[in-house]
Amino acid sequence: MKTNNQQGRAAALAVGIYFIAKSILNLILGGSFIDIVIAAAEAALLFTGLMFINYIIAAVTVLIVLKHLKNNLSAPSENIIYLIEAAIDVICAVFLCIGKNIREHFTNKWTAFFGNK
């Protein structure tokens with residue numbers, strides 16, 4: 001796939017790499033291997049630059065943060081790693097939505113991805 005903004009692609013990939021690193025950390029802390037697979041899929045989707053993928057991944061990220069927020073806030077001293085992770089996740093989600101270079105990267109048409117011109 002082509003990219004319309006190299007800096008945007010690099011920034012999107014940095015977010016994807018963060019997701020993978022976070023999944024590996026969570027696996028060490030008691031998560032599941034499927035989280036790594038999902039993070040790798042998200043990173044691959046971020047690489048494609050397909051329209052609206054950045055918004056979809058940002059929304060999913062925020063929904064996951066909200067899902068776990070109540071439990072993480074119930075014992076903040078024990079869950080400080082997860083609270084820091086949640087803050088970084090929200091920053092990444094916002095960055096995917098409002099970063100000018102990132103938004104320019106996500107302009108590839110879905111028809112071009114599936115081979116239709």
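Along the sequence shown, the residues carry numbers beginning at 1.
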* To do: Using modelled atom types only, decide if a donor and an acceptor are shared between the side chain of N108 and the backbone of T48 within a distance under 3.5 Å.
  =>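 Answer holds: yes.
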* W110 side chain vs L50 backbone, donor-acceptor pair below 3.5 Å ->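 No, because the side chain of W110 does not come within donor-acceptor range (under 3.5 Å) of the backbone of L50.
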Rounded to the nearest 0.5 Å, what separation is found between the [atom1] atom of [X] and the [atom2] atom of [Y]?
{"X": "N72", "Y": "L83", "atom1": "CG", "atom2": "CG", "value": "5.0 Å"}
{"X": "N54", "Y": "C92", "atom1": "CG", "atom2": "SG", "value": "13.0 Å"}
{"X": "N79", "Y": "H68", "atom1": "CG", "atom2": "NE2", "value": "11.5 Å"}
{"X": "R103", "Y": "L96", "atom1": "CZ", "atom2": "CG", "value": "11.5 Å"}
{"X": "I64", "Y": "K67", "atom1": "CD1", "atom2": "NZ", "value": "7.5 Å"}

* Flag for E85-N26: side-chain donor and acceptor within less than 3.5 Å ->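 Judged by distance alone, the side chains do pair up.
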* To do: Kindly indicate whether the side chain of Y82, heavy atoms from C-beta on, has any atom under 4.5 Å from the side chain of N71.
  =>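 Y82 vs N71: side chains apart.
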* Asked: Do Y18 and I88 come close enough that some side-chain heavy atom pair is under 4.5 Å?
  ->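 They are in side-chain contact.
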* How far apart are the closest heavy atoms of S32 and L27, and which atoms are they? ->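 Taking S32 first and L27 second, the nearest heavy atoms are C-CD1, 3.7 Å.
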* Asked: Would I24 and I84 show up in the same hydrophobic cluster when neighbours are defined by side-chain heavy atoms closer than 4.5 Å?
  ->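 Looking at the clustering, I84 is in a separate group from I24.
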* Do NZ/NE/NH1/NH2 and the carboxylate oxygens of D89 and K22 come within less than 4.0 Å? ->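 Counted as a salt bridge, because a side-chain N and a carboxylate O are separated by less than 4.0 Å.
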